[in-house]
Structures are given as C-alpha cells and as structure tokens.
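Take a look at the structure set out below.
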Amino acid sequence: MIGWQCPVCQAPLDSTENTWRCDANHAFDRAKEGYTNLLLANQKRRPDPGDNREMLLARRAFLEGGGYRPLVDALDRRLNNFDAAGRLLDVGCGEGYYLQQLLASRVHWRAAGVDISREALRLAGRRGLSNATFAVASSKRLPLLDHQFDAVLNIFAPLDAAEARRLLTADGQLIQVSPGPAHLQALREFIYDQLRPHSAPAAPEGFTLIARDSVAFNIAYQSSDQLRQLLAMTPFAYKLTEAQQTEFIAQSNTLAADFVISIYQPALGAALDVH
Ligand SMILES: C[S@@+](CC[C@H](N)C(=O)[O-])C[C@H]1O[C@@H](n2cnc3c(N)ncnc32)[C@H](O)[C@@H]1O
Ligand SMILES: [Zn+2]
C-alpha cells in the first residue's frame, strides 16, 4: 500500500475506502475516474493549474502511437536494476502513460502518480491500473508519507528536491528525464533564430549523480497527424501560428528526439533529513 498523507494536518490517510480520511476526520472523496484530489484551494494560484485537456489528449495520442517508445524501453531497463517488488512515485505523471507502460510487467510493484492538473488525473485514473493510485497534488508539497519510495520518476515536469529526498528510502533513486542537446532540434530551429547552447542537467540539491543515459532516436511518426499531436503537446505550439505549423509539418520528414535520463541518489545523510 502507498502511504498517503492528509494535506491539511499531514497525518496518515486511510485510503482503503472511497473516501480517504485521517484521524482528525479530514476527508477526501475518490472521484469516479479513480483519482483523489489532495490539492487544497489555497495551494492553487489558478483555478485549473497544470496542463489542459487539449495538450493532454495530444500527448496521450502521440505517446500511445509509440512516439517516445525508446524512452520507455530505457526507463524499463533502469527499473530492472531494482528488486522484483518496490514502490514507485511519478511526480508530474500527466495522463499516466509512463506508469502504465512501466507497471505492465511489474505486478508486484505499487505506484503513485501525482500531478497538479486535475484533467491529467482524470485521464490517468481512468486507465484503471490495479497497482497504482493517483492524486492531484503539487510537486512542492506531496501528500505522501516519508521515505517509502524506492524510485521517484520525474519526466519533463517540475520537481522539488527536498520533497523527493523526503519521500525516497535512504538507498532509493531519483530517475529524472530531461531534454538532451538535439531534442526536437529541427522544430526549435524553425522557431528560433538562434538556439541557446545546451547545458547538462544539474543535480537537484541534496542528490548525487550516479549514472546518466542518453536516449537519442528519430521519431518514427506514421502520419502528419502524429507530428501535429507532438506540436500540440509541447509549449512550442504557442509559438507558431496554424499556418506555420502546417508549413513545418509539410517540410518535415524526420525529427530527432533526445533525452537524458539522470539517476541520482540522496547525498549521504540527506535522506534522513527531518522536515
Ligand atoms: C510536460 S508534462 C509531462 C507529463 C508526463 N511526465 C509525461 O511525460 O507525459 C508536465 C506535467 O507537469 C504537470 N505540472 C506542472 N506543474 C506542476 C506542479 N507544480 N506539480 C505537479 N505537477 C505539475 C503538468 O500538469 C503536466 O502534466
Ligand atoms: Zn488531517
């Protein structure tokens, strides 16, 4: 079982029923789609924070079409280094594609997915994963009990290093995916006059880098639709007019994906911090 925490008083939540409750009787209903909202109104700056439905549906269609399959395979190989059973947290899990893929062969694992977008969790919850629970929460304050996760996954989403340290076991690993130097290069060249030089990702505070994988490949898109989905799921879509997007799609026959997977461990002593 994943240990969830009451966002009001930080006590453990009993999450076995449809209403999650702490001893002080703070209660949170599980939505019919299968996620629980643990984001308090005073933790939001906007009424609907995070990715919107249009971006999420575009991402889902692109990912389900296998657009980033080599990245899933590389993450899968990394998780093979763990025991046959463990606990995994995906911070900024979006619509749940990576958790579903990674849990498919890991029936003895238990997982939690959190994202600040309620729409993302609606989609993730509806996947009906038997060994994952989903909650709306901010990466800045994750409503989960301390030091329970063997792995924290963080793919192109905000992360709070102190929270990741608080949640990992002492020998747990943070698996962080960030863009590599050639990621969507042709698209970025189409948008910007000059590309900023790429710098290697910095270790989050209190973590030590133990390994780094580079995953670079040409996206095998089947149709212009898939390229349109890719544009719609990235912030680049907002930089291009409809006509520019059509022009880019017409002239592209290949596009590079380039990811860096960084594996970090809590620096010595850091995992035992008390907050
Ligand atoms: C680029 S998407 C990546 C989603 C997913 N990891 C994937 O690769 O498909 C970034 C995600 O971070 C979420 N997000 C943004 N700010 C957040 C925050 N403060 N806490 C938790 N999630 C956040 C967004 O709602 C969005 O789903
Ligand atoms: Zn409480």
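Residue numbers start at 1 and run along the sequence shown. What you see below is based on every heavy atom in this structure, not just the backbone, and it leaves out hydrogens, waters and symmetry mates. Ligands are counted one by one from 1 in listed order, and the atoms in each one are counted from 1 as well.
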Taking heavy atoms and a distance under 4.0 Å, where does K140 meet ligand 1: side chain, backbone, both or neither? neither
Main-chain N/O of A61 paired to E64 side chain as donor or acceptor, under 3.5 Å: no
Do R69 and Q101 meet the criterion of a side-chain donor-acceptor pair at a distance under 3.5 Å? yes
Where's the contact between P49 and ligand 1, heavy-atom distance under 4.0 Å: side chain, backbone, both or neither? neither
Does R165 reach the main-chain N or O of Q265 with its side chain, forming a donor-acceptor pair under 3.5 Å? no
Measure the distance from atom 9 (O) of ligand 1 to every protein heavy atom, then report the residue, atom name and distance (to 0.1 Å) of the closest one. R59 CD, 3.0 Å
How wide is the angle at the Zn ion (ligand 2) between SG of C6 and ND1 of H26, to the nearest 10°? 100°
Quick check for you: to the nearest 0.5 Å, what is the distance between R110 atom CZ and L129 atom CG? 11.5 Å
Work out the angle at the Zn ion (ligand 2) between SG of C9 and SG of C22, rounded to 10°. 110°
In the protein, what heavy atom is nearest to atom 12 (O) of ligand 1, and what distance, to one decimal place, separates them? A157 CB, 3.6 Å
Taking distance alone, with no angle check, do I116 and ligand 1 share an N/O pair under 3.5 Å? yes
Where does the angle between the aromatic ring planes of F217 and Y68 fall among parallel (under 30°), tilted (30 to 60°) and perpendicular (over 60°)? perpendicular
Measuring from F156:CZ to T234:OG1, what's the distance to the nearest 0.5 Å? 10.5 Å
Test R21 against every option in D23, N25, T19 by the side-chain hydrogen bond (donor to acceptor under 3.5 Å, both in side chains) rule and name the one that passes. N25
Which option, F156, Y98, F62, owns the non-hydrogen atom nearest atom 10 (C) of ligand 1? F156
Look at the rings of F82 and W109 and say which category their plane angle falls in: under 30° parallel, 30 to 60° tilted, over 60° perpendicular. perpendicular
If you measure only the distance, is there a donor-acceptor pair under 3.5 Å linking the side chains of R30 and N37? no
Residue, atom name and distance, where the atom is the protein heavy atom closest to atom 6 (N) of ligand 1: G92 O, 2.7 Å
Quick one: does P158 get within less than 4.0 Å of ligand 1, heavy atoms only? yes
N/O of D51 under 3.5 Å from N/O of ligand 1, yes or no? yes
Give the atom numbers and elements of ligand 1 that come within less than 4.0 Å of a heavy atom of G50. 25 (O)
From atom 13 (C) of ligand 1, work out which of D115, L71, N52, V136 has a heavy atom at the shortest distance. D115
Under a 3.5 Å distance rule, please check whether H26 uses its side chain to pair with a backbone N or O of W20 as donor and acceptor. no
Residue S138 vicinity, atoms of ligand 1 by number, heavy atom under 4.0 Å: 19 (N), 20 (N)
Identify, for atom 20 (N) of ligand 1, the protein heavy atom at the shortest distance, and state residue, atom and that distance. S139 N, 2.8 Å
